[in-house]
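Structure record follows, encoded as structure tokens.
Count residues from 1 along the sequence. Being a predicted model, the structure only gives us computed values, none of them experimental.
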Amino acid sequence: MGELGLVVALLGACLVALILVLVARREADEQRRQAKADVASIRDDARALLADAERREARLVEREHAVAAEQKALADAERTVRERQEALASAEQEVAERRASADRDARAHLEAVAHLTAEEARAELVRRMVDEATNDAAALVRRAEAQARRTAEARAKRIVAAAVQRTAVPTSSQSVITVLPLPSEEMKGRIIGKEGRNIRAFEALTGVNVLIDDTPDSVVLSCFDADRREVAQVALEALMSDGRIHPQRIEAAYAEALAGADDRTLSAGHDAAERAGVTGLHPDLVRTMGRLRMRVSYGQNVLEHLVETALVAAAIAAEVGADVATTRRAAFLHDVGKALTAEVEGTHALVGADLARRCGESPAVVNAIAAHHEEVPAETVEAVLVQASDAISAARPGARREELDQYVERMDKLEQLVTAHAGVRRALAMSAGREVRVVVEPSEVDDYALPQLAVAIAKHIEADLQYPGEIKVTVVREIRASATAG
């Protein structure tokens with residue numbers, strides 16, 4: 001039994017070994033078949049890659065042959081182009097030589113026919129072209145000036161008219177008398193006093209003539225000194241308000257009027273600034289402006305003139321789009337120097353500009369004050385508007401009075417200044433000196449020279465003549481022909 005079991009075990013082991021060998025052989029066969037299949041697949045892929053590489057190499061060779069052919073064709077084309085360019089340059093040179101020869105022949109022929117050299121013909125042509133260009137330019141200038149004059153005059157008239165219409169101020173012309181209304185008829189007797197002692201004391205103390213019987217229900221104070229006349233007015237108003245009039249009371253009222261002069265000056269300055277719409281003025285400027293209530297220029301009260309100028313300037317600045325506040329301020333202060341001309345050397349424009357600078361006014365305002373009589377150049381449009389507004393206020397009807405001899409002298413000087421120009425036959429000052437008509441000699445001044453002559457006369461007037469406002473210059477050229485029949 002033991003041996004049989006051993007044999008059975010050995011047989012079992014052999015059987016297991018045989019089975020393992022059969023399994024291993026089967027796996028080896030399977031791997032061998034798989035390896036053959038992989039080798040076949042790799043061989044097929046390698047053959048396909050080799051075929052593709054051969055095709056690519058064939059295409060590359062074909063492309064190299066094509067590029068070589070194109071380069072050869074390009075070289076041939078460049079050689080052909082160079083040959084053609086050389087031929088064209090040679091032809092152009094030949095044409096240029098022929099043209100130069102033809103030009104020389106033609107120039108020689110023209111010079112022989114015209115009896116002029118080329119330089120002389122060129123100079124004549126240039127002269128004619130310059131004359132034509134000058135005439136055309138003069139015609140264009142006349143048309144442009146006419147168009148600008150039409151549009152500018154219309155716009156300027158509209159702006160000035162609108163500014164003046166918006167400025168409701170009375171005529172600021174001032175005389176040498178002051179009229180005070182009487183509260184009652186019996187006040188005349190009180191002013192005269194017993195045997196005229198009151199009126200004599202008043203006149204002796206104030207230096208003002210008192211006229212009572214000339215106008216009904218009023219008393220007239222007459223004096224060329226505006227300061228005295230104002231003090232007398234204040235004193236007389238106080239006396240009439242109190243009702244007690246005698247020499248002692250007259251002396252007291254006169255002393256009170258003198259003591260209140262500084263307060264009246266400040267009040268007048270503040271009132272004028274308020275009416276003009278100007279705020280924030282330095283106290284020295286306000287006091288100096290108040291002093292101008294006693295100053296006149298050609299009969300025009302200077303302080304009223306400044307208020308009017310400020311209102312006109314502000315209206316014009318609003319119309320043209322300038323700085324209204326700066327224009328109003330500069331226009332209100334432009335004549336402030338007139339209150340100091342007796343104390344400080346220099347023109348009122350420069351003195352006023354220096355005072356404004358010391359009082360902290362802006363450079364634009366200072367320049368407008370200094371430039372309003374063109375003593376220094378105007379640096380801003382506001383300065384120009386101040387000049388225009390000053391002229392408008394001074395030139396409007398009723399603003400100023402001139403003596404007859406001054407008026408005649410100015411007219412004669414204007415006509416003499418115009419007739420001094422060459423070609424002028426006669427000059428006529430018209431419209432109170434606001435226009436001058438100039439008649440020229442037709443043989444000496446042609447139509448194209450009329451605009452230049454008008455401009456020259458206007459500049460001469462601006463340089464040598466003092467005048468308010470503007471002077472229009474009209475140049476007339478007239479040719480007359482006459483014949484007698486019979």
Step by step, work out the side chain to side chain contact (heavy atoms under 4.5 Å, CB included) result for Val436 and Glu415. CA-CA 8 Å; Val436 57; Glu415 293 180 352; 5.6 Å; no
What verdict does the side chain to side chain contact (heavy atoms under 4.5 Å, CB included) test give for Asp284 and Arg358, after you've listed the backbone C-alpha separation in whole Å, the side-chain angles of each residue and the deciding distance to 0.1 Å? CA-CA 10 Å; Asp284 291 343; Arg358 295 198 308 270; over 6 Å; no
Output, in order, the C-alpha distance, side-chain angles, deciding distance and verdict of side chain to side chain contact (heavy atoms under 4.5 Å, CB included) for Val418 and Ile461. CA-CA 8 Å; Val418 174; Ile461 293 174; 4.3 Å; yes
Taking it one step at a time, do Val445 and Val475 satisfy side chain to side chain contact (heavy atoms under 4.5 Å, CB included)? CA-CA 11 Å; Val445 182; Val475 182; 5.9 Å; no
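Contact check for Thr206 versus Leu236: no side-chain heavy atoms found under the 4.5 Å cut-off. Between Val219 and Lys188, every side-chain heavy-atom pair lies at or beyond the 4.5 Å cut-off. Looking at heavy atoms from C-beta onward, Asn198 lies out of side-chain contact with Arg249 at the 4.5 angstrom threshold. In this structure the side chain of Phe332 never reaches within 4.5 angstrom of the side chain of Thr309, judged on heavy atoms. Side-chain contact between Arg190 and Leu239 is absent, with no heavy-atom pair separated by less than 4.5 Å. Contact check for Arg329 versus Leu281: side-chain heavy atoms found under the 4.5 Å cut-off. Within the 4.5 Å cutoff, no side-chain heavy atoms of Val438 are placed close to those of His421. Here the side chains of Met289 and Leu333 are in contact, with some heavy-atom distance below 4.5 Å.
Among residues two or more places apart in sequence or in another chain, the salt bridge (charged side-chain N to carboxylate O under 4.0 Å, His left out) test is passed with Arg244 by Asp242. Partners of Asp271 under the side chain to side chain donor-acceptor pair (under 3.5 Å) rule, at least two apart in sequence or in another chain, are Arg275.
Look at Asp131 and Arg128 and you find no salt bridge, because none of the NZ, NE, NH1 or NH2 atoms lies under 4.0 Å from a carboxylate O.
Counting only distance, with no hydrogens or angles, the side chain of Asn367 and the backbone of Pro377 share a donor-acceptor pair below 3.5 Å. No donor-acceptor distance shorter than 3.5 angstrom exists from the side chain of Arg197 to the backbone of Pro247, with no hydrogens or angles considered. Of the possible polar contacts, none joining the Ser101 side chain to the Glu97 backbone as a donor-acceptor pair under 3.5 Å is found. For Arg264 (side chain) and Ala257 (main-chain N/O), a donor-acceptor pair under 3.5 Å exists by modelled atom type. Counting only distance, with no hydrogens or angles, the side chain of Ser389 and the backbone of Val386 share no donor-acceptor pair below 3.5 Å. Of the possible donor and acceptor atoms, none in the side chain of Glu382 sits under 3.5 Å from a partner among the backbone N and O of Ala322. A distance-only check finds no donor-acceptor pair linking the side chain of Ser241 to the backbone of Glu237 [under 3.5 Å].
Here the two rings, on His334 and His373, have centers that are 6.0 Å apart or farther.
Residue pairs meeting the salt bridge (Lys or Arg N to Asp or Glu O under 4.0 Å) criterion with at least one member in residues 436-453, sequence neighbours excluded, are Arg425-Glu441, Glu435-Arg437, Asp447-Arg477.
When all heavy atoms of Val208 and Ala232 are compared, the pair lying nearest together is CG2-CB, 3.7 Å. Nearest heavy-atom pair across Leu292 and Asp335 is CD1-O, 3.7 Å. Considering every non-hydrogen atom in both Met240 and Pro183, the closest pair reads SD-CD, 4.0 Å. Here the closest non-hydrogen pair linking Ala310 and Ala331 is CA-CB, 3.7 Å. The two residues Leu350 and Ala370 have their closest heavy-atom pair at CD2-CB, 4.2 Å. The minimum heavy-atom distance linking Val210 with Glu203 is given by the pair N-OE2, 3.0 Å.
Taking CD from Gln416 and CG from Asp464, the interatomic distance works out to 12.5 Å, rounded to the nearest 0.5 Å. For the atom pair Leu306 CG and Arg293 CZ, the distance stands at 14.0 Å (nearest 0.5 Å). The line from CZ of Arg357 to CD1 of Ile369 is 9.5 Å long, rounded to the nearest 0.5 Å. With rounding to the nearest 0.5 angstrom, the OG1 atom of Thr419 is 10.5 Å from the CG atom of Leu428. Distance check: Ile316 CD1 to Leu311 CG gives 11.5 Å after rounding to the nearest 0.5 Å. Going from atom CG of Leu465 over to atom CG of Leu414 covers 6.0 Å, rounded to the nearest 0.5 Å.
Counting heavy-atom neighbours within 6.0 Å of Gln452 CD, excluding the residue itself, gives a total above 12.
Partner of Met187 under the side-chain contact (heavy atoms from CB on, under 4.5 Å) criterion, out of Ile245, Ile192, Ile212: Ile245 alone.
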